[in-house]
**Q** 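First, the structure itself, so that you have it in front of you.
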Amino acid sequence: MTKDITNWTASDDCMVESAMRRGASRRELLRMFMAGGVAFAAAGTVLGRAGAALAATPVRGGHLIGASAAGSTADTLDPAKASAQIDYVRISSLYNRLTFLNGKGQIDMELADSIETKDAKTWTIKLKKDVTFHDGKTLDAEDVVFSLQRHLDESVGSKVNAMAKQMTGIKALDASTVEITLAAANADLPTILALHHFMIVARGTTDFSKGNGTGAFVLESFEPGVKSLMKRNDNYFKPNAPYVDSFECFAIPDVTARVNALISGDVHVAASIKPQALRLVEAAGGIDVVRNISGNYTNLNMRLDMAPGDKAAFVEGMKYLLNRELIQKSVVRGLAEIANDQPVSPSDRYYNPEVKPREFDPERAKALFEKAGLLGQSIPVVASDAADYSVEMATVLQQAGSAIGMKLDIQRMPADGYWSKYWLVAPVHFGNINPRPTPDILFSLLYTSDAPWNESKFSDPKFDAMVAEARGTLDEARRKEIYGECQQIVSDRAGTAIPVWLSNVDAKTSKLQGFETNPLGGQMGYTMAEHVWFQA
Amino acid sequence: MNSQVLRLVMGRLGVAAVTLLIVSLVVFGATQMLPGDVAEILLGQAATPEAVAGLRQAMHLDQPALWQYGHWLWGLAQGDLGTSYANNMPVAQLIGGRLVNTLRLAAVTAAIAVPLALTLGITCAMYRGSLYDRVVSAGVIGVISVPEFMIATLAVLIFAVWLKWLPALSLGNDISSIGQMLRAFAMPVITLLCVICAQMIRMTRAAMISVLDSPYVEMALLKGASRPRMVLHHALPNAVGPIVNAVALSLSYLFGGVIIVETVFNYPGVARLMVDSVATRDLPLIQACAMIFCIGYLSLITFADVIAILSNPRLRK
């Protein structure tokens with residue numbers, strides 16, 4: 001029925017659906033339809049269909065096959081080491097976390113029954129009773145202590161070692177109670193524990209090849225870089241879930257091959273559809289596109305501690321020179337939202353809508369470059385395929401620059417070794433940041449004076465103090481106020497230009513139901529296997 | 001004659017061992033020159049100096065390069081291929097299943113490619129200049145000029161996406177019946193045939209033509225030998241040397257060169273394993289893959305030489 005609606009594509013359907021889930025008002029939805037050029041009568045049918053998709057009831061059975069984007073022989077079942085997309089998919093199916101960040105960005109309890117604190121420093125976690133591992137062992141506090149303490153051991157190679165270091169005391173009070181003491185107050189602990197790497201494993205586990213967790217699926221076979229097969233965990237502690245009988249997952253690194261496999265029916269879900277493959281997906285029948293407005297972005301970093309970024313006018317000029325709309329429309333073909341030079345995404349509950357994106361204003365940029373005394377000079381800009389779309393963004397920037405007499409020299413570097421050799425190093429370069437669940441993680445990872453990935457070497461003691469205050473306070477209103485202000489400061493003064501939020505797009509067969517969006521990433525934050533079902 | 005072949009094979013084995021040693025040294029050196037090491041790659045953006053140092057120590061990457069090479073070589077001498085850095089699994093276990101897949105695909109392709117190429121090459125030489133010859137030659141040039149990723153992607157579009165006859169993926173390890181094998185292998189094999197047959201056909205044709213032009217073949221014809229007898233009995237034995245070498249070279253491609261086919265069809269073979277392992281700087285795995293490719297190549301070449309010698313009375317004294 002959408003065939004006769006101009007300019008309306010499957011991805012717009014998804015936008016409406018996800019907006020309805022977020023609880024968008026009728027007026028907001030109408031604005032979306034107007035933007036898409038949809039008549040009121042047609043809008044009714046789209047709304048009806050989106051509503052029907054939400055109301056369907058789950059059905060048991062079926063064999064689910066999912067194709068992720070990246071995987072290699074470095075594939076692992078160790079939650080601490082997970083790095084490729086398929087690692088997240090697997091560990092999310094085999095293990096559970098203490099808490100879970102749901103589709104609305106709120107915290108649900110998973111293995112934890114409750115998490116309580118009085119001062120945001122000492123936290124008491126009560127565990128759910130009668131949760132068993134796949135090998136039959138019952139979950140107790142010692143398992144949680146072991147799972148969390150692993151991250152502190154450097155020989156484990158945990159990806160969240162730096163984040164785990166704030167947990168200075170992890171101890172079991174009794175069989176079902178764990179107490180975590182933090183080095184300093186942090187109100188975000190429940191969200192941090194929802195990160196994939198903090199999955200709970202059985203105590204003493206050193207060999208992770210069995211995938212022995214409490215999760216919705218039990219591992220049948222695992223071949224790194226080839227595929228994994230799992231079957232439904234009949235003793236799963238959540239009622240009814242999972243709905244499918246078995247789950248098979250593998251990576252198809254080539255996006256065209258991934259889409260072809262989906263269209264020909266060899267897989268049910270193809271993750272991370274790139275803009276160039278989107279038309280292929282939308283032209284085929286029986287396939288839905290699920291678009292996740294995520295916190296992933298590729299940004300232009302100008303180091304404030306060296307030329308040319310040490311001149312504030314240059315940094316501001318570059319922010320005005322970024323044609324965000326062109327990047328959104330042509331570089332990523334609409335699969336993005338325009339961003340406002342700060343890292344907290346619109347799907348975050350602390351997002352500050354008052355911080356407006358800068359308009360594309362080459363004249364103003366020209367005046368600023370003149371003020372900085374840099375107009376006419378050649379400025380090297382380092383880009384690479386390692387940072388998604390950065391080469392294309394650099395080209396957009398270069399062309400806008402040449403129109404006003406600003407010469408930008410794009411230096412395209414190989415993806416191999418980019419993160420260790422150029423990122424954080426070159427004076428003007430592109431970076432890429434994956435979504436993080438809290439503003440505190442983003443700010444203390446990227447913008448405070450002691451941030452390990454301070455991309456532009458931004459430093460402001462007042463900002464540091466604000467981030468520290470928000471971290472320690474349990475008062476939601478106060479946190480929202482501080483984080484709002486922090487977003488304004490970063491947008492105004494940091495040397496990071498963030499043009500757009502890149503959407504994550506998954507494609508799935510229409511038979512598959514219950515597939516929603518999640519702030520922690522595509523494929524429902526990688527937990528889709530537990531939630532989806534096949535339409536009878 | 002047998003002792004000569006034996007001597008040749010023994011000599012080749014000696015040279016092969018030295019070649020392998022040199023290759024492993026070169027591969028090791030090249031791996032050392034790549035930016036970043038396995039600890040940095042595994043930690044990715046999360047590579048803080050302390051975390052990298054801790055992981056390096058756990059993997060013995062903080063030892064001198066020569067020590068690492070010696071350690072690997074010592075393990076190899078005892079028949080131990082080592083343990084993958086990236087996921088702590090024995091290299092032999094990682095390679096095992098994939099090597100079987102690669103060999104299976106290579107065997108199926110070779111079983112079709114060699115007879116097909118020889119038949120086409122020989123018949124083209126027999127009917128040189130005819131319409132048949134020109135059509136086949138033009139076809140061969142056309143096929144070899146199209147890059148294989150194009151052939152593979154087109155095949156997927158036509159047979160999997162539009163016609164839905166064949167699966168778009170070829171997961172080599174789900175095969176339990178002949179029918180399944182045909183379905184899984186059809187497209188990868190067609191693609192590979194396009195790539196490797198061309199060279200064999202052209203070499204066979206050229207070698208046969210030069211022999212067919214020689215006076216003794218004309219003599220055979222004048223003495224009344226039938227055309228097939230003239231070609232197969234008199235001419236072919238003298239053309240076998242160059243043909244076998246061309247076949248061996250083309251087939252050696254089936255070990256390491258099938259990366260594109262493995263990628264497009266998501267076929268789990270050794271070539272992709274090697275690319276993966278280079279991406280993660282997983283030295284034991286890189287070395288093991290390089291050794292496999294090298295051994296495959298050397299044995300094919302040796303085999304071709306032995307056949308060439310056996311077929312040529314002047315070489316076998």
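Letters A, B, ... are given to chains in the order of the sequence lines, protein chains preceding strands, and every chain is numbered from 1.
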**Q** More than 12 heavy atoms of other residues, nucleotides or ligands under 6.0 Å from CG of B:L66: is that the case?
**A**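 Not more than 12 within 6.0 Å, no.
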**Q** For a side-chain contact (heavy atoms from CB on, under 4.5 Å) with B:V156, tell me which candidate from A:T256, A:I263, A:N260 qualifies.
**A**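 For B:V156, the side-chain contact (heavy atoms from CB on, under 4.5 Å) check succeeds only for A:N260.
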**Q** Which heavy atom of B:A160 sits nearest to which heavy atom of A:S264, and what is that distance?
**A**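 In terms of heavy atoms, the two residues are closest at O-CB, 3.3 Å.
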**Q** Return yes when atom CZ of B:F28 has more than 12 non-hydrogen atoms of other residues, nucleotides or ligands closer than 6.0 Å, and no otherwise.
**A**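 Yes, the 6.0 Å shell around CZ holds more than 12 heavy atoms from other groups.
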**Q** With a 4.5 angstrom heavy-atom cut-off, could you sort out which part of B:R98 is near chain A: side chain, backbone, both or neither?
**A**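 Just its side chain gets close to chain A.
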**Q** To the closest 0.5 Å, what do you measure between OG (A:S155) and CZ (B:R56)?
**A**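 Going from OG on A:S155 over to CZ on B:R56, the span is 15.5 Å.
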**Q** Heavy-atom distance under 4.5 Å to chain A: side chain of B:L285, backbone, both or neither?
**A**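 For B:L285, the contact with chain A is made by the side chain alone.
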**Q** Name the residue from B:V264, B:T263, B:N266 that meets the side-chain contact (heavy atoms from CB on, under 4.5 Å) definition with A:I252.
**A**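 Output: one option passes, namely B:N266.
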**Q** Can you tell which of B:S84, B:G97, B:A152, B:A168 has the highest number of heavy-atom pairs within less than 4.5 Å of chain A?
**A**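 The candidate making the most pairs under 4.5 Å is B:A168.
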**Q** Is it true that atom CH2 of B:W67 has more than 12 heavy atoms of other residues, nucleotides or ligands lying nearer than 6.0 Å?
**A**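 Enclosed.
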**Q** Which heavy atom in A:D266 sits nearest to a heavy atom in B:L169, and how many Å separate them?
**A**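 Reported closest heavy-atom pair: OD2-N, 3.4 Å.
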**Q** Could you have a look at A:G157, A:P414, A:P224, A:A261 and say which one has the most heavy-atom pairs with chain B under 4.5 angstrom?
**A**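 The answer is A:P224.
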**Q** Where does A:V267 contact chain B at under 4.5 Å (heavy atoms): side chain, backbone, both or neither?
**A**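 Contact with chain B involves the side chain of A:V267 alone.
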**Q** Counting heavy-atom pairs under 4.5 Å with chain B, which one of A:E154, A:K421, A:R258 comes out on top?
**A**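 Result: the option with the highest number of such pairs is A:E154.
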**Q** If you draw a 6.0 Å radius around NE2 in B:H71, do more than 12 non-hydrogen atoms from other residues or ligands fall strictly inside?
**A**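 No, the 6.0 Å shell around NE2 holds no more than 12 heavy atoms from other groups.
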